[in-house]
Structure formats: structure tokens, C-alpha cells
Amino acid sequence: MISPVDDRRPPITPQLALRVAVLGGLALVLFGIVFFRLWYLQVLSGDQYVQQANANRVRHVATPAPRGDIVDRNGQIVVTSRAATAVQIVPDQLPADTAARQLLYARLGRVLQMSPGAIEATVAKKVKQLRYANVTIKLDAGRAVLDYIAERGDQFGAAVVTPQVYLRQYPNRQLAAQLLGTVGEIDPAELKLARYRSVRQGTVIGKGGIEWSYDRYLRGRDGDKREQVNANGLPARNIARLAPVAPKPGHQLKLSLDIGLQKEGQSALGQAIGLAQGNGHPAQAGAFVALDPSNGQVLAMGSYPSFDPTVFAKPISRAKYRALSSQSNGAPLYDRAIAGQYPTGSTFKPITALASLQTGLITPETPIASPGCITIGSAGQQFCSAGKADFGTISLRDALRVSSDVYFYRLGEQANGQSGEVIQSWARRLGLGHPTGIDLPGEYGGLIPDRAWRARVGLKEARCRARRHVASCGISDERPWTVGDNVNFAVGQGDLQATPLQMAVAYSTIVNGGRVVRPHLGLEVEDHLGRLVQRITPGATRHVAFSSSNRQAILDGLRAAASQPGGTSADVFNGFPRVVYGKTGTAQRQGQDDQSWYVCYAPDARRPVVVAVTVEKGGFGAEAAAPAARLILSQWFGVSKQLVAGHSRTR
């Protein structure tokens with residue numbers, strides 16, 4: 001019987017049949033893969049995963065390693081670590097229920113005498129920064145608190161732990177605080193840096209100063225304590241003890257510092273500021289450096305005012321940090337010895353002298369008239385010595401002895417017409433205008449102004465005005481370099497900026513015959529058993545060639561300045577039993593009192609030293625900085641200390 005037309009089915013074409021077969025085969029293959037994977041996991045690897053599941057009952061607890069000690073050149077402790085206990089919250093063990101979590105915070109707040117809201121805010125902030133790290137709520141909680149939490153473990157659960165930690169301890173309190181630096185927990189940005197590639201969240205690292213520079217030696221390696229826990233995350237009872245991996249303490253770092261000299265330097269700087277204030281100057285800050293000119297070892301270095309780095313051993317409030325950074329408080333965190341941006345005043349004159357001698361502008365005996373004032377340039381600009389003192393016609397040695405500004409103004413005028421900007425070139429060779437390379441972070445490179453620099457800042461000013469549509473951005477007046485700029489530069493004024501450390505390096509280069517030392521603090525690294533791990537070398541030094549006779553002429557002038565009648569620091573060093581080569585400096589800063597400077601060299605076969613001291617708003621160099629330098633030298637050479645104020649009114 002023929003089927004009705006409506007019931008007829010179209011025949012399956014060969015192409016459709018092939019497609020169905022391919023899809024069916026593909027589905028069969030996929031099913032086979034899933035089946036095989038399940039069979040592999042359950043049958044072949046079942047025992048392995050059972051073991052791993054059992055191992056989930058083991059909790060790994062990091063055991064912090066103590067940071068290594070920092071000692072001075074004589075082995076005296078400068079920084080050490082002490083054991084303490086912390087109360088921490090383990091974020092992934094917190095109750096999921098909000099009410100239970102708030103109850104936990106309330107219980108913990110009563111014990112620690114903190115508000116539950118403060119605890120919650122701390123946890124939220126830290127978890128946002130470091131998701132998997134324990135959150136420290138309180139350090140040095142005290143034995144009573146720890147016993148209370150341990151006795152009531154069922155109330156706090158696995159969310160609250162009390163591990164042993166180590167806090168930095170500073171036996172000398174504020175001594176060398178900026179130099180030593182601080183420590184703190186690593187932050188998310190630091191975790192991404194190559195130098196912290198193997199560091200875990202929550203690890204305490206160096207945040208500044210020596211602690212930062214030598215962190216990889218000081219940090220140590222955390223241990224690992226394993227404990228079995230029950231389903232609630234609490235330690236299980238009646239279990240076999242699991243062998244812990246002991247922490248490896250950090251190495252001990254020996255510095256070139258002499259702690260006795262460091263103490264005297266800090267004290268001398270404070271006394272110098274007191275002298276300046278007694279003379280009517282609003283001094284409140286300064287810095288000093290004592291350097292071995294033969295090898296660059298930093299014997300002492302400090303900045304005033306200072307701070308107690310113990311405050312950073314525990315979490316510090318924003319208000320406290322702002323107070324330590326505030327200019328109204330003298331910015332104690334600011335390391336003026338390596339980052340102070342100062343004109344140097346007449347302490348720059350030996351550099352101008354060496355440049356002029358080496359380029360043939362003068363000889364040591366060239367006479368130059370040095371009246372009270374001179375007129376320079378087509379505009380008739382007048383330049384005067386301090387107090388308009390008239391020194392007559394003098395040569396280099398006497399010019400350094402009495403610190404005649406006019407003598408060096410003349411050299412700046414002559415050098416301005418020379419190709420190569422000779423004073424600028426020699427200043428850079430001696431170590432100014434770029435970082436010294438000291439093993440500390442945050443060093444300022446300084447500024448040696450010249451034609452190219454003035455053109456750059458002028459262009460920057462023009463672009464800023466065009467972009468902001470303002471009359472001035474305050475960057476530059478866009479004027480070209482003039483002879484007056486070079487005249488000011490020759491006496492350490494104008495736009496020149498240098499640090500006390502750079503001036504110590506420049507003087508070291510002159511006195512040691514041309515070796516530009518690289519200042520450094522690190523000497524040796526030892527393990528916790530006292531065995532030498534590494535001897536620290538600062539790297540190769542540069543050499544600057546100059547005439548020994550020119551060097552001697554400059555030293556003669558510096559010696560006369562500290563010992564002969566009319567010398568700018570002769571009254572300060574009157575009766576001092578050691579030979580001193582020194583130069584006062586009085587730097588003028590716009591809108592401020594003069595800045596007091598003194599840089600000197602005291603030779604010795606075994607213990608030579610260069611000292612640089614500056615006191616902001618301290619007045620003339622002989623009034624504040626030079627007396628501090630005398631106290632520092634007295635400590636170094638073991639002679640009787642005497643605070644002697646100078647009376648020279650020469651810059």
C-alpha cells in the first residue's frame with residue numbers, strides 16, 4: 001500500500017550519515033577521556049590523594065628568624081634583636097559568620113585593651129594589602145595576655161595565634177638613627193621587586209639606611225614549625241611530634257663606625273647649635289661627617305635633630321610619622337649628611353684654587369689685589385668680601401688663610417672666559433655634582449651649575465609657563481649664564497649645592513694626592529658563630545692627576561688658616577696639640593641666616609681623618625661648625641675636649 005504523501009520521510013543522505021558518525025565518535029572519545037581520568041584518580045592515584053588529604057591536618061607555622069646584629073669597627077653592639085611575643089589574627093581562620101567574628105573581636109579587644117572596631121579595621125586593611133599573611137594586632141603583648149589567650153583557646157580558636165617574634169633594639173637610642181635606618185613588614189609593592197623574590201608575606205625587612213642596604217645579610221631565614229590540627233584548626237591531642245625546621249639567624253654586620261666618635265659627633269653638633277643660638281642665630285639643625293681619607297671608611301656620620309628608631313620597631317601612627325617628617329620639628333627623618341642641599345660657602349675655595357692652579361690661571365705666588373669690593377661685568381655688579389675687609393695684594397696661601405672673597409671672585413671672573421668651564425670640571429672630578437656611591441639609600445647627587453644647566457632650567461620654565469598659562473612657574477628667570485654666576489660659584493655660592501659627605505670626599509681627594517675614595521660603612525659580614533662570611537669592598541676608586549706642588553700650596557694655606565694669626569679658625573684651634581688643615585665657610589641662603597661650615601684634615605700615620613661639619617642658620621663658620629670639628633678631632637685623637645668658639649667674621 002502506498003503511504004500518504006504527508007507520512008513520507010526523506011532518505012538519509014551519505015553526507016548526513018558521515019556527520020552523525022563523526023559526532024558520535026567524538027562524543028565517545030570525550031566520554032572515554034573523562035572515564036579514564038576518573039579511573040586514574042580513584043584507582044591508580046587514590047592512595048596518593050588520601051595521603052595528601054591526611055596531610056591537610058598539618059599546619060605550617062613560620063618561625064621568624066632574628067635579624068643579625070650590627071656592630072661598630074670595635075665589635076660594640078649598635079643594633080641588636082630581642083625576643084618578643086605578638087598577638088596575630090589568621091585571616092583564613094576567621095569565622096565566616098559576621099556575628100561570630102564580631103564576638104571574637106570583642107573578646108580580643110577586652111584582653112588587649114583595644115576597641116573591636118580598631119581590630120577589625122586593622123585586619124581589613126592588612127588583608128587588602130597582603131591577603132594571606134597573618135595580621136599583627138599587638139606586639140610585646142605581655143605574659144599575662146599570652147597566658148589568658150592560651151588558657152581560653154576554645155574561645156579564640158585557630159584565628160588568634162601568639163607567635164614569638166623579634167624586635168629591633170637600639171642600645172644608643174637616637175645615635176646614628178638616620179644612618180642605621182628602620183625595619184618593617186614587607187609591603188605588596190616590595191614583594192614584586194627582584195631583591196625580595198624569595199621573601200614571604202609578613203616578613204620583616206630593612207626599610208631604610210644600613211638596614212635596607214644590607215638586608216639580605218641581616219634578614220636571616222625563617223624556620224617552619226609543623227603541627228597537627230583538628231577540624232576546627234586547633235592543635236590535636238595525643239599526636240606524634242613533628243620535627244620543626246629551625247630558623248637561621250641573620251648574619252652580623254660590622255661597620256666602619258667608631259661608636260665613641262659617633263657619640264661625640266652628635267654631642268658636638270648639639271653644642272655647636274647651642275653656640276649659634278647664643279650668638280642670636282636661629283640654628284636648629286646640622287650634620288657632620290668624619291671620613292678616613294686613605295680608604296673612604298666612614299668613621300662617624302650624623303644628622304641633627306635625630307629620632308629614636310625604636311618607634312619603628314612596632315607599627316607607627318600616621319600622626320607620629322608626620323611629626324618626624326615635619327620641617328617645623330626639624331625633620332628628624334631627613335639625613336642631612338648625605339641629602340642636605342646646601343651652598344658650601346668658602347669651604348669650596350680650595351677647589352677653585354686647585355682648578356685655577358692646574359689650568360694655569362695662577363701660580364701659588366701670583367699676587368692679586370684684594371680690596372674690600374670690586375666691580376665685575378658690563379653691568380657694573382659689585383662684589384664685596386665679608387665686612388668689606390681689605391687684604392691688600394696677596395697670593396694663594398694668604399688668600400686661603402684669611403679667606404679673601406675678592407681674591408676668589410677674581411679667579412671666578414678669569415675662569416668664566418676659559419673653555420671647558422674649568423672650576424665646574426674640577427669640582428666634578430673631585431667628587432661634587434654626583435652621588436659619592438656610599439652604601440646608603442637616598443643620597444643626593446648635588447648640583448654644579450654651568451651654562452648648560454641654566455639653559456635647561458630656562459627651557460623648563462618656558463615650557464611650564466606655556467603649559468599652565470601663567471606668568472611664572474618659579475623655576476627660572478630664563479636669563480643666560482653670566483660672569484656673575486661664575487664669580488659667585490667660585491666662592492661656593494649661587495646655585496651650587498653639595499652635601500657634607502661630598503665635601504669630605506673632595507677634601508680627601510686633595511689631601512691624599514688625587515684618589516677619589518668611595519665612602520662606605522660596611523666592613524665585614526659574619527655568621528652567628530662569628531665566622532667571616534664576606535669582606536665588603538667598596539669598589540674601585542678614581543684617580544685625579546694634579547701637581548704635588550699645587551696640592552702643597554693649598555695645604556699650606558689651610559694650615560695657616562687654622563694656626564697663624566689672622567687665620568679664620570686659628571682662635572678655635574689655639575693650643576690644639578695636633579696639626580690641622582682647615583677651612584671655614586659661611587654660606588648665604590636667601591631668606592635665612594648664614595649657614596656655618598667647617599671642613600678640615602688632621603694627618604696621622606695610622607688614623608688620618610677628614611671632618612666636615614655644617615650648622616643650618618648657624619652664622620659664620622668659626623662661630624659654630626669649627627668648634628664642633630675641634631671636639632670631634634679631640635675624641636678621635638684622645639686629647640682633652642674643649643669647646644672653643646671662634647670670632648672670625650670672614651666667610
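When reading the values below, keep in mind they use all heavy atoms of this one structure, side chains included, and skip hydrogens, waters and symmetry mates.
For the atom pair OG1 of T541 and CG of N295, the computed distance is 10.5 Å after rounding to the nearest 0.5 Å. Distance CE/M301 to CG/L291: 9.5 Å, rounded to 0.5 Å. Taking CG of L299 as the reference point, atom CG of D292 lies at 5.5 Å (rounded to 0.5 Å). Here K617 contributes atom NZ and Q284 contributes atom CD; the two are 6.0 Å apart, rounded to the nearest 0.5 Å. Taking CG of L432 as the start and CH2 of W426 as the end, the distance is 13.5 Å to the nearest 0.5 Å. The structure places CG of N172 at 4.5 Å from NZ of K263, a figure rounded to the nearest 0.5 Å.
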Could you walk me through whether E623 and L275 pass the side-chain contact (heavy atoms from CB on, under 4.5 Å) test, one step at a time?
-> CA-CA 7 Å; E623 292 181 311; L275 281 177; over 6 Å; no
Could you go through the side-chain hydrogen bond (donor to acceptor under 3.5 Å, both in side chains) check for S267 and Q271 one step at a time?
-> CA-CA 6 Å; S267 173; Q271 293 181 66; 3.1 Å; yes
side-chain contact (heavy atoms from CB on, under 4.5 Å) assessment of I70 paired with L255 | CA-CA 7 Å; I70 301 176; L255 301 180; 3.5 Å; yes
Step by step, work out the side-chain contact (heavy atoms from CB on, under 4.5 Å) result for L643 and L631.
-> CA-CA 7 Å; L643 183 66; L631 291 174; 3.7 Å; yes
CA sep, side-chain torsions, deciding dist, call: Y342, Q595, side-chain contact (heavy atoms from CB on, under 4.5 Å) | CA-CA 9 Å; Y342 304 128; Q595 180 157 338; 3.3 Å; yes
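For Y409 and F383, the ring centers are positioned less than 6.0 Å apart. The distance between the ring centers of F408 and F348 does not fall below 6.0 angstrom.
Here the side chains of L430 and Y507 are not in contact, with every heavy-atom distance at 4.5 Å or above. Annotation: side chain of V311 is in contact with side chain of L324 (closest heavy-atom distance under 4.5 Å). Side chains of Y601 and S508 form no contact here, defined as non-hydrogen atoms less than 4.5 Å apart. Residues V516 and V505 meet the side-chain proximity criterion, which asks for heavy atoms closer than 4.5 Å. Within the 4.5 Å cutoff, the side chain of R589 has no heavy atoms near those of the D594 side chain. Side-chain atoms of N416 and V487, non-hydrogen and from C-beta on, never get closer than 4.5 Å to each other. Within the 4.5 Å cutoff, the side chain of S294 has heavy atoms near those of the R515 side chain. Side-chain contact between S306 and P332 is absent, with no heavy-atom pair separated by less than 4.5 Å.
The side-chain hydrogen bond (donor to acceptor under 3.5 Å, both in side chains) search around Q497 returns Y444, not counting sequence neighbours. Scanning for side chain to side chain contact (heavy atoms under 4.5 Å, CB included) contacts around V402 gives F391, I394, S404, with sequence neighbours left out. Scored by the side-chain hydrogen bond (donor to acceptor under 3.5 Å, both in side chains) test, Q414 finds no partners at all (sequence neighbours excluded).
Here the closest non-hydrogen pair linking L261 and A290 is CD2-CB, 3.9 Å. Pairing each heavy atom of P309 with each of A177, the nearest pair is CD-CB, 3.9 Å. The shortest non-hydrogen separation linking V457 to S476 is O-CB, 3.5 Å. Heavy-atom minimum distance, G280 versus D593: O-OD2, 4.5 Å. Taking each heavy atom of I423 and F489 in turn, the nearest pair found is CG2-CE2, 3.3 Å. Taking each heavy atom of L357 and T363 in turn, the nearest pair found is CD2-C, 3.6 Å.
Between the side chain of T344 and the backbone N or O of A498, no donor-acceptor pair lies under 3.5 Å. Of the possible polar contacts, one joining the N486 side chain to the G412 backbone as a donor-acceptor pair under 3.5 Å is found. Formation of a donor-acceptor pair under 3.5 Å by the S256 side chain with backbone atoms of L523 is not found in this model. Under the 3.5 Å distance criterion, the side-chain polar atoms of E616 are left unmatched by any main-chain donor or acceptor of A287. With hydrogens and angles ignored, the 3.5 Å screen pairs a side-chain donor or acceptor of E443 with a backbone N or O of T436. H434 places a side-chain N or O within donor-acceptor distance of the main-chain N or O of R428, the cut-off being under 3.5 Å. A donor-acceptor contact shorter than 3.5 Å is absent between the side chain of E461 and the backbone of S472. The backbone N or O of R607 lies less than 3.5 Å from a partner atom in the side chain of W636, making a donor-acceptor pair. Using modelled atom types, one side-chain atom of Q493 and one backbone atom of Q588 make a donor-acceptor pair closer than 3.5 Å. Between the N512 side chain and the G514 main chain, a donor and an acceptor come within less than 3.5 Å of each other.
Other residues, nucleotides and ligands contribute only 12 or fewer heavy atoms inside 6.0 Å of the OH atom of Y321. Within 6.0 Å of CZ in R463 there are 12 or fewer heavy atoms belonging to other residues, nucleotides or ligands. More than 12 heavy atoms of other residues, nucleotides or ligands lie within 6.0 Å of CZ in R479, so this atom counts as buried by the packing criterion.
In the model, Y598 has no side-chain atom that pairs as donor or acceptor with a side-chain atom of T347 under 3.5 Å. A donor-acceptor contact under 3.5 angstrom links the side chains of D485 and T482, judged on distance only. In the model, K349 has a side-chain atom that pairs as donor or acceptor with a side-chain atom of S346 under 3.5 Å.
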Extract all donor-acceptor atom pairs below 3.5 Å that involve side chains of residues 571-583 and protein atoms in other chains or at least two apart in sequence.
unit_1	atom_1	unit_2	atom_2	d
D571	OD2	H647	N	2.8
R578	NH2	D604	OD1	2.5
K583	NZ	S403	OG	2.8

Identify every side-chain donor-acceptor pair in residues 561-568 under 3.5 Å, counting partners at least two apart or on other chains, and give the distances.
unit_1	atom_1	unit_2	atom_2	d
S563	OG	R559	O	2.7
T568	OG1	T584	OG1	3.0

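Pairs engaging residues 543-558 under the salt bridge (Lys or Arg N to Asp or Glu O under 4.0 Å) rule: R397-D556 [sequence neighbours left out].
For D72 and K254, the salt-bridge test fails: no basic side-chain N is under 4.0 Å from an acidic carboxylate O. Classification of R73 and D258 as a salt-bridged pair fails, no side-chain N sitting under 4.0 Å from a carboxylate O.
Under the salt bridge (charged side-chain N to carboxylate O under 4.0 Å, His left out) rule, E478 has a single partner from R454, K460, R465, which is R465.
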